[in-house]
Amino acid sequence: MSEEKSLNFIEEIIETDLANGKYKTILTRFPPEPNGYLHIGHAKSICLNFGLGLKYGGKTNLRFDDTNPVKEDIEYVDSIKQDVHWLGFNWEKELYASDYFEQLYLLAIDLIKKGLAYVDDLDAEEIATLKGTPTEPGKDSPNRNRLIEESLLLFAEMKAGKYKDGEKVLRAKIDMASPNMHMRDPLLYRIKHAHHHRTGDAWCIYPMYDFAHGQSDSIENITHSICTLEFIPHRELYDWLIEKLGIFPSQQFEFARLNMTYTVMSKRKLLQLVTEGHVQSWDDPRMPTISGMRRRGFTAESIRNFCEKIGVARRENMIDFSLLEFCLREDLNKSALRVMGILDPVKLIITNYPDAQTEELVSENGPDEAYGTRTVSFSKELWVEREDFMEEAAKKWFRLAPGAMVRLKSAYIVKCDGFTKHVDGKLTAIHCSYIPESKSGNDTSGISVKGTIHWVSIAHAIPAEIRLYERLFKVENPASEEGDFKEYINEDSLKIITNAWVEKSLEKATTATRYQFLRKGYFCLDKESMSDKLVFNRTVTLKDAWLKEVKKR
RNA sequence: UGGGUUAUAGUGUAAUGGUAGCACUACAGAUUUUGAUUCUGUCCGUCUAGGUUCGAAUCCUAGUAACCCAACCA
């Protein structure tokens, strides 16, 4: 029995195109502008474009849309390549729109010769005025009917550097009365005396998006050029230029971009968070960037699954952050090593345990036997979690409380006999007695307890710094709230714990490994971690039924 | 008030004129040496009003709502 999986609308188009022989094979592309770091929204596009290539035996190019030198940088190129690779995809070719500057220039000349483009002397403001509004038609520029030869000469002079920025532009000659604003003689080329990160100072005229993107698609023989909804109005121009130029007919298809609750997804806003210091860097673990998520401990697999689950359609969406967390936990649960660490330590003393004794107890490493076991050191004095003790047990409380019994994971059952407090009321130690016959693995005590808690032996524990992250914003959709989105930043999104204790095996922790700190969540080593000062990021908590219970009350 | 696009449980996504399904969330229960995992169950939906049809989420008409478009950005 094969599982029936419905196709998204783009897959349907492709299957139709393949079935009726329009194409023998497909070619897609992922076309970022190297002006920022990739985020989870880009991941959706990456998974879509590369996924399509893979699914239909086609190929996918990585093409940098680098037509605006003042915003772009090699730093972004490098990070984008790293992120796409990390997500698990391999591009057929690494390409740049700037590779086509010469070809694009020749195409522009072709258009001028056909009488379909002209050089305009108007400045930006005049052009905007004559463009009209959505409800009123525009008016022709006085230069609209200048001679082809004159435009040709002027355009050559533009390229040669004779004019300053903004003095002249090349425009397509289409229809100043079109209801589609993008068809009212759109700009094709502008002058920018700026250094380009790849072409240096070779050019001082640069093509606009509309005269670069579709043409690049066409040059590469891209069959399905997939972009987001806001480019729908550009499609008429995309098709017009390809038709008039008589070049390979790539076709544009649009899908709805990803939006997620409690974060922002525009490069401009993300850049602000970085430059204004609301987060530390592009790869701050609270950022929805691929690099931030990677540092936080997300796996590529979980992000790919997420992109698969959210689907592809044409309507605006707002995905629950909890779906991303579900995909994360689903993957981490399968692969994370189980270890013990105490985030908020309080001392537990086993009064009837021999003072100098240490036992090496066996504990399982993972969710199934294939992960094997390790030993953890057990002794008279342990660190346990402060929140695992209640002076007066609440209803349905399964953990430590005077008179209550719990199992210490992989060790013994202990009974809480008492506790000591500092004068300020803060708990300083919990006193317990253990049941020697209840040793994990050969428990003959006959006692069963409801609660099991984690612990580390004080004498054997190693210190660690642990960073806990909460959502970056206090509201579901900061971009749509009144006022500036930054007013809704959650000031408590980062909590640093400097006095945590973790089990000794973590001395050998690596950034490549994911860990589940039993009962506390999934963690990974941060890049700032050092051998004498371990630093862990909490990737995500475990689901917590008790916390829900508490919140209900 | 021009043009374009989209409306299906709280969220996302299927159903291509013929039983409104799946996942997440929420809630309830079982199992559990992680209050995790796993397993079982429950709640909740076709934007509105007309029409065509034996039969409409799907087709038609008229509304309504949301988003996009007037950068020498992409």
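Lettering of chains follows the sequences in order, A, B, ..., and the numbering in each one begins at 1. Computation of the quantities below employed the complete heavy-atom set of this structure, encompassing side-chain atoms and omitting hydrogens, waters and symmetry-equivalent molecules.
Salt-bridge formation is not detected for the pair A:Glu316/A:Arg257: no Lys NZ or Arg NE/NH1/NH2 atom is positioned less than 4.0 Å from an Asp or Glu carboxylate oxygen. Under the 4.0 Å criterion applied to side-chain N and carboxylate O atoms, A:Lys520 and A:Glu387 are assigned as salt-bridge partners. In summary, A:Arg519 and A:Asp544 do not engage in a salt bridge, as defined by a charged side-chain N under 4.0 Å from a carboxylate O. The pair A:Lys439-A:Glu359 counts as a salt bridge, with a side-chain nitrogen and a carboxylate oxygen less than 4.0 angstrom apart.
Taking the six-membered ring for Trp, A:Phe473 and A:Tyr262 have ring centres at least 6.0 Å apart. Here the two rings, on A:Tyr206 and A:Phe101, have centers that are under 6.0 Å apart. In this structure, A:Phe255 has its ring center no closer than 6.0 Å to that of A:Phe9. In this structure, A:Trp455 has its ring center closer than 6.0 angstrom to the ring center of A:Phe378. Aromatic rings from A:Phe64 and A:Tyr96 are positioned such that their centres are separated by under 6.0 Å.
Taking the ring centre of A:Phe485 as origin, the terminal cationic atom of A:Lys269 falls inside the region bounded by 6.0 Å and 45° from the ring axis. Stacking of A:Lys159 on the aromatic ring of A:Tyr105 is recorded, both the 6.0 Å distance cut-off and the 45° axial limit being met.
Put simply, A:Ser6 has no side-chain N or O that comes within less than 4.0 Å of OP1 or OP2 on B:A15. OP1 or OP2 of B:U31 has not a single side-chain nitrogen or oxygen of A:Lys450 nearer than 4.0 Å.
Here B:U5 is the nucleotide among B:G3, B:U5, B:G12 with the atom lying nearest to any side-chain atom of A:Ile232. Taking every side-chain heavy atom of A:Arg314 into account, B:U6 is the closest of B:U11, B:C72, B:U6. Nearest to the side-chain atoms of A:Ser322 among the listed nucleotides B:U34, B:C24, B:U33 stands B:C24. Closest to the side chain of A:Lys548, out of B:A74, B:C68, B:A26, is B:A26. Picking from B:U25, B:A74, B:C72 the nucleotide with the shortest atom distance to the side chain of A:Asp123 gives B:C72. The nucleotide whose nearest atom lies closest to any side-chain atom of A:Pro134 is, among B:C73, B:U11, B:G2, B:G2.
Among the protein residues, A:Ala124 comes within range of the nucleic acid bases, having at least one heavy atom under 4.0 Å from a base atom. At a threshold of 4.0 angstrom between heavy atoms, the contacts of A:Lys552 are confined to the sugar-phosphate backbone, with no base atom among them. Here A:Gly441 lies in heavy-atom contact (under 4.0 Å) with a base. Within the nucleic acid shown, A:Phe398 comes within 4.0 Å of at least one base atom, counting heavy atoms only. At a threshold of 4.0 angstrom between heavy atoms, the contacts of A:Thr452 are confined to the sugar-phosphate backbone, with no base atom among them. No contact: A:Val449 has no heavy atom under 4.0 Å from any strand. Across all strands, A:Leu518 comes closer than 4.0 Å to base atoms (heavy-atom distances). As judged by a 4.0 angstrom heavy-atom cut-off over every strand, A:Pro367 is placed among residues making no nucleic acid contact. Among the atoms of the strands shown, only primed sugar atoms or phosphate atoms (P, OP1, OP2) are found under 4.0 Å from some heavy atom of A:Thr67. Residue A:Leu332 is out of contact with every strand shown, counting any heavy-atom pair closer than 4.0 Å. At the heavy-atom level, A:Trp455 lies nowhere under 4.0 Å from the strands shown.
The CG-P distance, from A:Asn317 to B:A23, rounds to 20 Å in whole Å. Rounded to an integer number of Å, the gap from A:Leu154 CG to B:C72 C1' is 16 Å. Rounding to whole angstrom units, CZ of residue A:Phe306 and P of B:U13 are separated by 11 Å. Taking atom CG on A:Leu258 and atom P on B:U13, their separation rounds to 10 Å, with Å as the unit. Across the protein-nucleic acid pair, A:Asn8 atom CG and B:U13 atom C1' stand 10 Å apart, rounded to whole Å. When the P atom of B:A71 is taken as reference, atom CZ of A:Phe231 falls 15 Å away, rounded to whole Å. Distance OH (A:Tyr209) to C1' (B:C73): 11 Å, rounded to an integer number of Å. When rounded to the nearest whole Å, the span between CD of A:Glu316 and P of B:C67 equals 8 Å.
Across B:A9 and B:A26, the matching C1' atoms stand 12 Å from one another, rounded to whole Å. For the C1' atoms, the distance linking B:C47 with B:U64 amounts to 7 Å, nearest Å. Here, B:A56 and B:G3 have their P atoms 33 Å apart, quoted to the whole Å. When the P atom is used for both B:U25 and B:G51, the distance is 43 Å, rounded to whole Å. Taking atom C1' on both nucleotides, B:G45 is separated from B:A57 by 10 Å, rounded to a whole Å. Between the C1' atoms of B:C54 and B:G63, the separation comes to 29 Å (whole Å). Between B:U11 and B:U5, the distance separating the two P atoms is 25 Å to the nearest Å. B:U13 and B:A20 have their C1' atoms separated by 13 Å, given to the nearest Å.
Residue pairs meeting the salt bridge (Lys or Arg N to Asp or Glu O under 4.0 Å) criterion with at least one partner in residues 336-345 of chain A, sequence neighbours excluded, are A:Asp344-A:Arg386. Within the structure, ring pair (Phe, Tyr, Trp, His ring centres under 6.0 Å) contacts touching residues 165-186 of chain A (residues at least two apart or in different chains) are A:His182-A:His234.
Annotation: of the two residues near RNA chain B, A:His213 and A:Ile319, the 5′-most nearest-nucleotide partner is A:Ile319. Summary of the strand contacts: A:Asp65 and A:Lys520 both lie near RNA chain B, and taking for each the nucleotide with the nearest heavy atom, the more 5' one is attributed to A:Lys520.
For A:Tyr163, there are no ring pair (Phe, Tyr, Trp, His ring centres under 6.0 Å) partners, not counting sequence neighbours.
Stems are defined here as 3 or more consecutive Watson-Crick or G-U wobble pairs with pairing distances under 3.5 Å; those involving RNA chain B are B:2-7 with B:64-69, B:10-13 with B:21-24, B:26-30 with B:38-42, B:47-51 with B:59-63.
For a distance-only test at 3.5 Å, the side chain of A:Arg407 qualifies as a donor-acceptor partner of the base of B:U33. With hydrogens and angles left out, the side chain of A:Arg399 and the base of B:G35 share a donor-acceptor pair within 3.5 Å.
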Distances under 3.5 Å only, N/O to N/O: pair up the protein atoms with those of nucleotides 36-43 of chain B.
unit_1, atom_1, unit_2, atom_2, d
B:U37, O2', A:Asn333, ND2, 3.0

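Ring pair A:Phe155/A:Tyr189 is perpendicular by interplanar angle, where above 60° counts as perpendicular and below 30° as parallel.
The aromatic ring of A:Trp546 is stacked on the base of B:G35, with the two ring centres less than 5.5 Å apart and the planes inclined by under 30°.
Between the NZ atom in A:Lys173 and the CD1 atom in A:Ile112 there is a gap of 11.0 Å [rounded to 0.5 Å].
Proximity of residues 180-194 of chain A to RNA chain B (heavy atom under 4.0 angstrom from any strand atom) is restricted to A:Met181, A:His182, A:Leu187, A:Arg190, A:Lys192.
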